[in-house]
Amino acid sequence: MKIDGKTRFAGVIGWPVNHSLSPVIHNHWCKKYGIDAVYLPLPVQPENLSEVIPALAKMGCVGVNLTIPHKELVLPLIDAVDDVALRVGAVNTIDFKSGKYWGYNTDAYGFWHNIEENTRDLRKDTALVIGAGGAARAVVCALHDAGFQHILIMNRTREKAEILCKLSSQAKVIEWDIATNALEKADFIVNTTSLGMKGEQPLTLALEKCKDNCLVTDIVYTPIATPLLQQAEERGLATINGLGMLLYQAQKAFHHWFGILPDVDETLRRLVLIKE
Ligand code: NAP
């Protein structure tokens, strides 16, 4: 592509950031839709964030995504945040429109859109959420907004589950127990822990207890087929992997910056899988 004085830029701020798949996704869309812009990985140490954000705005940056460890740290620097970012307590997208810093959280949209796109007739009675880290906050908000009657949360560190529970009137903390009886009740199981990621221990649940129509999803996407999803498939349960959440949160961010809701198509999925 031709880069000149008119080329705009966006990027992802993280520390570290070299693992991020966002440049592949957004640069693919810029090319596909003929947008004269590039998307860069921007390694920024946490102590430099408050200087970097205004500097990027002054340089004409279109907007940025934020990843670990910046999503919560950036909140005090933002002029206006959307309702989801406020509830989740984290911003993963900034738009530098009209001289202001607009903060959004597109993770909840990404999570739920991925589920809606891939399932029909999901019973919205009981969801079991495993984990209570940053990503779990967006998941619980999304499940609440989707209308789940019961959101059961279990986390190795119970205190973090108690804090997460405050995000939804439908949420309740249960003991960390991988053979939990909650598995019998669950219509939907969501792993939000980092268990199952490359280099981490697997998450193994007593899935034989589950209802036959229970849906299992894992937001971990490295690898795409996590041990939990493999175990669920062997048990004959429907599964949805975490790649879609990544792609749909990016879709919404791209829309904020460029006004186009880009396609999440097979070409993009293949590109990301090659990079992964
Ligand atoms: P985080 O804030 O660090 O939270 C990590 C969670 O995993 C906590 O609940 C933690 O429990 C739990 N955990 C870690 N090691 C454990 C172990 N050995 N046994 C039991 N629980 C353990 O991380 P995050 O930002 O929420 O991300 C979590 C995962 O989601 C990562 O794999 C990340 O890549 C993925 N993710 C995917 C997407 C997507 O778009 N698909 C988006 C965001 C995140 P404690 O509270 O007890 O420490």
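Because only heavy atoms are used, hydrogens play no part in the values below, and waters and symmetry mates are left out as well, while side chains stay in. What you are looking at is a predicted structure, and each value in this text was computed from that prediction instead of being measured. Each ligand, and each atom within it, is numbered from 1 in the order the structure gives.
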Can you find an N/O atom of [X] closer than 3.5 Å to an N/O atom of ligand 1?
| X | value |
| --- | --- |
| Gly242 | yes |
| Gly134 | yes |
| Asn155 | yes |
| Gly131 | no |

**Report entry** Selected option - heavy-atom contact closest to atom 35 (C) of ligand 1, from Ile219, Thr157, Thr226
**Finding:**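 Answer by nearest heavy atom: Ile219.
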Query raised in the report: Taking atom 32 (O) of ligand 1 as the point of reference, which of Lys198, Glu159, His19, Met197 owns the nearest heavy atom?
Result: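 That would be Met197.
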Counting heavy atoms only, which part of [X] comes closer than 4.0 Å to ligand 1: side chain, backbone, both or neither?
| X | value |
| --- | --- |
| Arg156 | both |
| Thr193 | both |
| Ala132 | backbone |
| Trp176 | side chain |
| Leu195 | side chain |
| Met245 | both |

Parallel, tilted or perpendicular: which describes the rings of [X] and [Y], with under 30° parallel and over 60° perpendicular?
| X | Y | answer |
| --- | --- | --- |
| His256 | Tyr104 | parallel |
| Phe111 | Phe188 | parallel |
| His113 | Tyr109 | parallel |

Query - Identified side chain to side chain contact (heavy atoms under 4.5 Å, CB included) counterpart of Leu271 within the set Val24, Ile25, Leu21 - result: Val24
Query raised in the report: Got the closest protein heavy atom to atom 43 (C) of ligand 1, with its distance?
Result: Ala135 CB, 3.8 Å
**Report entry** Residue, atom name and distance, where the atom is the protein heavy atom closest to atom 4 (O) of ligand 1
**Finding:** Gly133 CA, 3.3 Å
Query raised in the report: Quick one: does Gln249 get a heavy atom under 4.0 Å from ligand 1?
Result: no
**Report entry** Joint cluster assignment, Trp102 & Leu75, ILVMFWY side-chain distance < 4.5 Å
**Finding:**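 No, separate clusters.
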Query raised in the report: Are Val52 and Val38 connected in the hydrophobic side-chain network, where two residues link if heavy atoms are under 4.5 Å apart?
Result: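 Same cluster: Val52 reaches Val38 through Ile, Leu, Val, Met, Phe, Trp or Tyr contacts under 4.5 Å.
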[X] and [Y]: side-chain donor and acceptor closer than 3.5 Å?
| X | Y | result |
| --- | --- | --- |
| Thr239 | Glu233 | yes |
| Asn65 | Tyr39 | yes |
| Thr126 | His150 | no |
| Asp107 | Asn92 | yes |

Query - Residue pair Asn241 / Leu243: nearest heavy atoms and the distance that separates them - result: OD1-N, 3.0 Å
Short list, please: which atoms of ligand 1 are under 4.0 Å from a heavy atom of [X]?
| X | result |
| --- | --- |
| Thr192 | 28 (C), 29 (C) |
| Val220 | 32 (O) |
| Ser194 | 7 (O), 14 (C), 15 (N), 32 (O) |
| Lys160 | 45 (P), 46 (O), 48 (O) |

Ignoring hydrogens, tell whether any protein atom lies closer than 4.0 Å to [atom]; use the non-hydrogen atoms only.
| atom | answer |
| --- | --- |
| atom 16 (C) of ligand 1 | yes |
| atom 47 (O) of ligand 1 | yes |
| atom 23 (O) of ligand 1 | no |

Requested in this report: Check whether more than 12 heavy atoms from other residues, nucleotides or ligands sit under 6.0 Å from atom NZ of Lys198, and answer yes or no.
Outcome: yes
Query raised in the report: Judged by atom type as modelled, is there a donor-acceptor pair below 3.5 Å linking the side chain of Thr226 to the main-chain atoms of Leu229?
Result: yes
